[in-house]
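Side chains included, hydrogens not; waters and symmetry mates left out as well; all remaining heavy atoms used. Just follow the structure's listing: the first ligand is 1, and inside any ligand the first atom is 1.
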Amino acid sequence: MRYFTGIDIGSTASKVVVLDGEGLVERFVLPTGWSSKDTSREIRRRLAELGTPVNDEMKVIATGYGRISVDYADKVVTEITCHGRGGYSLLGRDCSIIDIGGQDTKVITVEKGATVSFLMNDKCAAGTGKFLEIMANRLGVELGEMFAMAARGKPLAISSMCTVFAESEVISQLSKGTDKRDIINGIHQSVAGRVAGLAHRIGIQDQVVMTGGVAQNKGVVKALEEELGCQIHTSPLTQYNGALGAALFAFQKYQKEQKA
Ligand code: ADP
């Protein structure tokens, strides 16, 4: 059996997708930790454990900020290109992809199936997963419970754009006795406002897909839908989008080699 594996070593989480010629075989996510070299070794070990070992029967494409650490990859491809490919496969048509990861946010434009432009915020934590993690930590809630809590809250304006100042604002709201659910609602809106600003700068297509770990937070997706005034598509593979794109490139590479 031939396998096509995409490995996305992100700044926060590393994602792995294994395809065979017909579809998805395995997927898993693990924290990147401080050493992407160790993470890539751990991924190789897990692949073997799952019965899909790295060998001549497997093509591997690595992407993400730690992609060069994957010394067993057949090729490395930039994350923007992989995210474009993955997002296109999720929707099957041209779209804008809004990817909110741990430490950066990207808006990618896909036309005729290919990435044609992108804009990235990687200079500031506001509007990224890190912002949400810091706020969740401050509020003593899990990332996974934020949506349900926000859904029962009223919108509260968080005016500071900077993460450090926004955190002080949250502390001050907590000390005033403001309901955590309202604060979380405001946090989601703050992220959505920041990301919508980036999206408006590049312009968005009729179809919008949201990917990255933060797309699992339905509160952010909903707030962003309201900011952009359009429906946003997500999928269960949202956090795996870059790895999925890389695995699809691995399959394409194999097909090209077979034809040559
Ligand atoms: P990167 O590729 O930059 O490492 P990811 O796209 O993997 O980032 O996303 C990581 C981020 O996803 C984390 O910072 C975290 O905020 C967010 N995240 C992970 N799981 C969840 C969840 N269940 N609900 C909401 N956010 C989540």
Trainee: Under 4.0 Å from a heavy atom of Gly212: give me the atoms of ligand 1 that qualify, with their elements.
Mentor: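 Once the distances to Gly212 are compared, the set is 6 (O).
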Trainee: Quick check: does Gln239 get an N/O under 3.5 Å from an N/O on ligand 1?
Mentor: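 Yes - when backbone and side-chain N and O of Gln239 are compared with those of ligand 1, one distance drops under 3.5 Å.
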Trainee: Among protein heavy atoms, which lies nearest atom 14 (O) of ligand 1, and at what distance?
Mentor: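 Heavy-atom neighbour on the protein nearest atom 14 (O) of ligand 1: Glu133 OE2, 2.2 Å.
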Trainee: Strictly distance-based, threshold 3.5 Å: is any side-chain N or O of Thr238 a donor or acceptor partner for the main-chain N or O of Ser235?
Mentor: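 Side chain of Thr238 to backbone of Ser235, a donor-acceptor pair under 3.5 Å: no, none is there.
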Trainee: Using modelled atom types only, decide if a donor and an acceptor are shared between the side chain of Asp99 and the backbone of Val107 within a distance under 3.5 Å.
Mentor: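 Between the backbone of Val107 and the side chain of Asp99 there is no qualifying donor-acceptor contact (under 3.5 Å).
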Trainee: Look at Lys106 together with Asp104 and state whether they make a salt bridge at an N to O cut-off of under 4.0 Å.
Mentor: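 Looking at Lys106 and Asp104, the cut-off is met.
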Trainee: Tell me whether ligand 1 is touched by Leu132 - counting only heavy atoms on the residue side and a distance under 4.0 Å.
Mentor: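 No, Leu132 has no heavy atom closer than 4.0 Å to ligand 1.
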Trainee: Quick check: Asn217 and ligand 1, any N/O pair under 3.5 Å apart?
Mentor: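 Such a contact does not occur with ligand 1.
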Trainee: Out of curiosity, does Leu248 fall in the hydrophobic cluster containing Ile61 (side-chain heavy atoms, cut-off under 4.5 Å, transitive links)?
Mentor: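 Per the 4.5 Å side-chain linkage, Ile61 and Leu248 are not co-clustered.
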Trainee: N/O of Gly144 under 3.5 Å from N/O of ligand 1, yes or no?
Mentor: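 Not met; the criterion fails.
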Trainee: Give yes if a backbone or side-chain nitrogen or oxygen of Asp104 is under 3.5 Å from a nitrogen or oxygen of ligand 1, and no if not.
Mentor: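 No, there is no polar N/O contact under 3.5 Å.
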Trainee: Are Leu47 and Phe28 side-chain neighbours, meaning at least one heavy-atom pair lies under 4.5 Å?
Mentor: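 Answer yes - side chains close enough.
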Trainee: To which protein heavy atom is atom 8 (O) of ligand 1 closest, and what is the distance rounded to 0.1 Å?
Mentor: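 Scanning the protein heavy atoms, the shortest distance from atom 8 (O) of ligand 1 goes to Gly102 N, 2.9 Å.
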Trainee: Hey, is the main chain of Val164 close enough, under 3.5 Å, to the side chain of Ser168 for a donor-acceptor pair?
Mentor: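 Side chain of Ser168 to backbone of Val164: a pair is present.
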Trainee: Side chain of Asp20, backbone of Gly23: donor and acceptor closer than 3.5 Å?
Mentor: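 Confirmed, Asp20 side chain pairs with Gly23 backbone.
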Trainee: Look at atom 20 (N) of ligand 1 and say which protein heavy atom is nearest, naming residue and atom and giving the distance to 0.1 Å.
Mentor: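 For atom 20 (N) of ligand 1, the nearest protein heavy atom is Gln216 NE2, 3.3 Å.
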Trainee: Here's one to test your reading of the geometry: is the NZ or CZ of Arg44 within 45 degrees of the ring axis of Tyr72 and under 6.0 Å from its centre?
Mentor: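 Ring-cation test returns yes.
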Trainee: So if I count the atoms of ligand 1 from 1 in the order they appear, which ones are less than 4.0 Å from some heavy atom of Gly101?
Mentor: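 Those qualifying, in numeric order: 3 (O), 5 (P), 6 (O), 8 (O), 9 (O).
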Trainee: Heavy-atom contact under 4.0 Å between Lys15 and ligand 1?
Mentor: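 Checking ligand 1 against Lys15, which is what was asked, there is a heavy-atom contact under 4.0 Å.
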Trainee: Any atoms of ligand 1 less than 4.0 Å from a non-hydrogen atom of Leu143? List them with their elements.
Mentor: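 Reading through ligand 1 atom by atom, the close ones are 15 (C), 16 (O), 18 (N), 27 (C).
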Trainee: Minimum distance, heavy atoms only, to atom 12 (O) of ligand 1: which one of Gly213, Ala13, Ser11 is it?
Mentor: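 Result: the heavy atom closest to atom 12 (O) of ligand 1 is in Gly213.
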Trainee: Let's go through Leu30 and Lys15 carefully: what are the C-alpha distance in whole Å and the side-chain angles of both, what is the deciding distance for side chain to side chain contact (heavy atoms under 4.5 Å, CB included) to 0.1 Å, and is it a yes or a no?
Mentor: CA-CA 7 Å; Leu30 67 164; Lys15 286 76 62 180; over 6 Å; no
